There are 2 protein chains.
Amino acid sequence: MSQDGPGIDLETSLGYLLKEASSALRAAMDAVLRPLGMTVTHYSCLELLAQRPGLSNSELARGAFVTRQSMNVLLQALERDGYVTRPAEAPVGKVLPTRLTPRGRRSLATATAAVRSVEVRMLSGMTQAQQSAAFTALQSMIGSLKDQDARG
Amino acid sequence: MSQDGPGIDLETSLGYLLKEASSALRAAMDAVLRPLGMTVTHYSCLELLAQRPGLSNSELARGAFVTRQSMNVLLQALERDGYVTRPAEAPVGKVLPTRLTPRGRRSLATATAAVRSVEVRMLSGMTQAQQSAAFTALQSMIGSLKDQDARG
DNA sequence: TGACTCATGTCAGCATTCTGACATAAATTG
DNA sequence: CAATTTATGTCAGAATGCTGACATGAGTCA
């Protein structure tokens with residue numbers, strides 16, 4: 001069965017499949033967000049702020065899987081265009097808590113609908129049990145991989 | 001519970017978890033490949049060529065989830081450094097079939113060992129049944145998302 | 001209290017990838 | 001057979017993200 005002899009069989013590799021699924025999801029999200037003039041990172045930032053108002057730049061960066069620096073330039077653009085607000089000075093420490101403006105909330109609402117349609121389609125061929133299994137499996141993978149990071 | 005009311009609950013979203021897992025996997029692979037002077041795309045290209053010799057630039061790009069243009073610049077570097085070879089002229093059509101050199105094969109061997117250790121760790125906390133379930137689930141997601149692409 | 005470590009926000013420079021575009025060859029279609 | 005469509009390789013410019021670096025504030029520990 002061309003098992004783990006010479007290389008890693010990409011046809012049966014969970015890692016490769018994970019990358020493929022993630023890539024397909026990102027492409028699908030990009031496709032529905034583009035007409036709204038939004039990128040995936042853009043949307044992720046807004047969604048994070050809706051659920052946890054007052055998040056800092058660094059926390060948003062971790063939540064959207066980009067660096068602080070990248071999130072910083074995005075936040076500057078979002079602030080300039082009136083989607084979010086940040087205090088001019090940090091109320092405590094250096095952390096600048098960010099919040100959605102009404103305009104940001106409206107923009108997020110339409111984006112959320114688009115993204116939800118993608119997620120629904122992604123799950124359309126799966127039973128509830130399969131979804132639960134996938135959820136557990138992904139959490140397990142994440143835990144193992146993060147563990148490694150901590151040890152290294 | 002905070003179900004699908006206002007936004008998408010990132011804590012229970014399979015899409016978000018998928019992105020998180022993929023990000024963690026990429027970070028882990030980057031960490032083990034960096035000492036070898038390799039990037040993930042770099043490694044993916046070599047692994048693809050080992051399993052399917054003679055792949056073209058465009059086919060490699062699809063397999064590594066990047067654009068033709070990006071793969072093209074990578075291939076030029078790999079060719080310059082003697083990891084792969086491409087004929088100066090296309091034997092048929094415009095397709096330039098790429099092949100690993102012995103040096104490329106040696107380089108891939110060490111990289112494969114490193115990547116395999118990451119994948120083993122990723123699967124360490126999962127039963128065989130869980131792995132099978134995850135495999136099926138991911139394939140289902142990919143199928144649904146690609147379907148959408150075709151229809152759009 | 002003072003030294004040390006850690007996290008944050010931000011700037012500058014660099015690398016990587018993507019978008020747009022073009023010419024060419026194969027496949028398809030009428 | 002001719003025309004259209006599709007796919008490929010490649011170039012140039014733009015956008016995006018990252019690495020490196022710095023100053024500052026908070027927490028820790030002796």
Side-chain angles (χ1 to χ4, degrees), chain A residues 19 22-23 26-31 33-35 37-45 48-49 52 54-81 84-99 149-150, chain B residues 19 22-23 26-31 33-35 37-45 48-49 52 54-81 84-99 149-150:
Chain A
K19 174 71 180 173
S22 180
S23 174
R26 186 178 188 88
M29 287 178 66
D30 261 327
L33 288 175
R34 184 184 306 270
M38 248 190 237
T39 70
V40 174
T41 306
H42 187 137
Y43 157 76
S44 300
C45 178
L48 282 163
L49 283 174
R52 311 223 290 274
L55 243 44
S56 72
N57 176 26
S58 290
E59 292 168 319
L60 286 169
R62 279 190 292 269
F65 309 106
V66 296
T67 60
R68 289 173 294 165
Q69 293 87 333
S70 296
M71 182 54 70
N72 192 36
V73 311
L74 173 60
L75 279 183
Q76 287 176 355
L78 290 178
E79 190 172 14
R80 169 173 51 78
D81 296 343
V84 305
T85 54
R86 282 193 295 180
E89 287 191 1
V92 53
K94 298 192 67 177
V95 176
L96 295 176
T98 310
R99 292 182 179 278
D149 258 8
Chain B
K19 173 71 180 173
S22 179
S23 174
R26 186 177 188 89
M29 287 178 65
D30 260 327
L33 288 175
R34 183 185 307 269
M38 249 190 237
T39 70
V40 174
T41 307
H42 186 138
Y43 158 75
S44 300
C45 178
L48 282 164
L49 283 174
R52 311 223 291 273
L55 244 44
S56 72
N57 176 28
S58 290
E59 292 168 318
L60 286 169
R62 280 190 291 270
F65 309 107
V66 296
T67 61
R68 289 173 295 165
Q69 294 87 334
S70 296
M71 181 55 70
N72 193 34
V73 312
L74 173 59
L75 279 182
Q76 287 176 355
L78 290 179
E79 191 172 13
R80 169 173 51 77
D81 297 344
V84 306
T85 55
R86 281 194 294 181
E89 288 191 359
V92 53
K94 297 192 68 178
V95 176
L96 295 176
T98 310
R99 293 183 178 276
D149 258 8

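Values in this document were obtained by computation on a predicted structure and should not be read as measured data. By convention in this document, chain letters (A, B, ...) are assigned in the order of the sequence lines, proteins followed by strands, and residues within each chain are numbered from 1.
- Straight-line distance from the NZ atom of A/K94 to the C1' atom of C/dG9: 5 Å, rounded to whole Å.
- Here the side chains of B/S56 and B/T98 are not in contact, with every heavy-atom distance at 4.5 Å or above.
- Between C/dT16 and B/Q76, no contact under 4.0 Å exists linking OP1 or OP2 to a side-chain N or O.
- Using a 4.0 Å cut-off on heavy atoms, the residues of residues 63-70 of chain A that approach DNA chain D are A/V66, A/T67, A/R68, A/Q69, A/S70, listed by number.
- OP1 or OP2 of C/dT17 has at least one side-chain nitrogen or oxygen of B/T41 nearer than 4.0 Å.
- Applying the 4.0 Å criterion to OP1 and OP2 of C/dG9, one finds that A/S58 has a side-chain N or O inside that range.
- Between A/R86 and A/L75, some side-chain heavy-atom pair lies under the 4.5 Å cut-off.
- A pairwise comparison of heavy atoms in B/C45 and B/L78 identifies SG-CD1, 3.8 Å as the closest pair.
- The shortest distance between the side-chain N/O atoms of A/R62 and the OP1/OP2 oxygens of C/dT8 is below 4.0 Å.
- Direction of the helix axis in the helix from C/dT1-D/dA30 to C/dG30-D/dC1 shifts by 40° between the two five-pair termini, rounded to 10°.
- Atom CG of A/D30 is separated from atom P of C/dT17 by 16 Å (rounded to the nearest Å).
- Side-chain contact check for A/S44 and A/T41: no donor-acceptor pair (N or O, by modelled atom type) lies under 3.5 Å.
- Nearest-nucleotide mapping onto DNA chain C: of A/R34 and A/R86, the residue sitting toward the 5' end is A/R86.
- Between B/H42 atom NE2 and C/dA15 atom C1' the separation is 16 Å, expressed in whole Å.
- With contacts defined as side-chain heavy-atom distances shorter than 4.5 Å, the pair A/L55/A/L60 qualifies.
- When DNA chain D is scanned 5' to 3' for any atom under 4.0 Å from a heavy atom of chain A, the first and last hits are D/dG17 to D/dA26.
- Of all non-hydrogen atoms in A/M71 and A/A64, the two that sit nearest each other are CE-CB, 3.7 Å.
- A/K19 has its side chain within reach of B/R26: a pair of non-hydrogen atoms, C-beta onward, lies under 4.5 Å apart.
- Backbone-only engagement by A/S56 is indicated by non-hydrogen atom pairs under 4.0 Å involving sugar-phosphate atoms exclusively.
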